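Quick caveat, the model's predicted, so the values are computed rather than measured.
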Amino acid sequence: MNRPPDSVTPVPVPAPGAAVPHLDVCVCTFRRPRQLAQLLEALAAQQTQGLFTLGVIVVANDPAASAAAVLQAVASRTELPLRHAHEPQ
């Protein structure tokens, strides 16, 4: 079937009571707290319309653990499920 390039294919909505898929966004970072905060805020603002749930896994490679304060701040302001691994080396 040929569609014009600007057409949108409808996404099927899960049936009531059906399992909703979950998507984890994995982020690797090294000493970029400002950019990490911007990314996490943008992910927290995503609208999924109930088609899937969203979470974030952050792996930070900074020995000084600069991502920890960012994650704590975002977690206090949003309902975005966050998981964090600190890999100092």
Side-chain angles (χ1 to χ4, degrees):
M1 175 171 134
N2 291 330
R3 292 187 306 240
D6 61 348
S7 68
V8 176
T9 303
V11 176
V13 176
V20 177
H22 180 78
L23 173 70
D24 276 317
V25 176
C26 299
V27 179
C28 297
T29 184
F30 178 75
R31 295 183 182 164
R32 301 212 185 277
R34 185 174 50 86
Q35 293 91 337
L36 178 61
Q38 291 172 340
L39 173 63
L40 295 176
E41 293 291 345
L43 289 170
Q46 293 298 304
Q47 301 293 317
T48 67
Q49 286 80 35
L51 298 174
F52 61 92
T53 59
L54 179 66
V56 179
I57 301 168
V58 176
V59 179
N61 293 111
D62 180 5
S66 62
V70 172
L71 290 162
Q72 188 174 28
V74 172
S76 72
R77 292 192 303 272
T78 72
E79 295 182 15
L80 183 65
L82 296 170
R83 290 187 284 167
H84 175 233
H86 180 224
E87 295 293 334
Q89 297 182 12

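Residues Thr48 and Thr53 are not in side-chain contact: their nearest non-hydrogen atoms beyond the backbone lie 4.5 Å or more apart. Between Leu43 and Thr78 there is no side-chain heavy-atom pair separated by less than 4.5 Å.
Heavy atoms only, all atoms of each residue included: Leu80 and Leu54 are closest at CD1-O, 4.1 Å. The heavy-atom pair separating Leu36 from Ala67 by the smallest distance is CD2-CB, 3.7 Å. Gly55 and His22 get closest at one heavy-atom pair: N-CE1, 3.6 Å.
Each of Val58, Ile57, Val59 was checked for a side-chain contact (heavy atoms from CB on, under 4.5 Å) with Arg83, and the lone residue meeting it is Ile57.
Within 6.0 Å of CD in Gln72 there are 12 or fewer heavy atoms belonging to other residues, nucleotides or ligands.
Cluster annotation: Phe30 and Val70 are assigned to distinct hydrophobic clusters (Ile/Leu/Val/Met/Phe/Trp/Tyr, side-chain heavy-atom contacts under 4.5 Å, transitive). Tracing side-chain contacts under 4.5 Å through hydrophobic residues (I, L, V, M, F, W, Y), one reaches Leu82 starting from Phe52; they form part of the same cluster.
Judged by distance alone, with hydrogens and angles left aside, the side-chain atoms of His86 form a donor-acceptor pair with the main-chain N or O of Asp62 at under 3.5 Å.
Residues passing the side-chain hydrogen bond (donor to acceptor under 3.5 Å, both in side chains) test with Arg32: none are found, sequence neighbours excluded.
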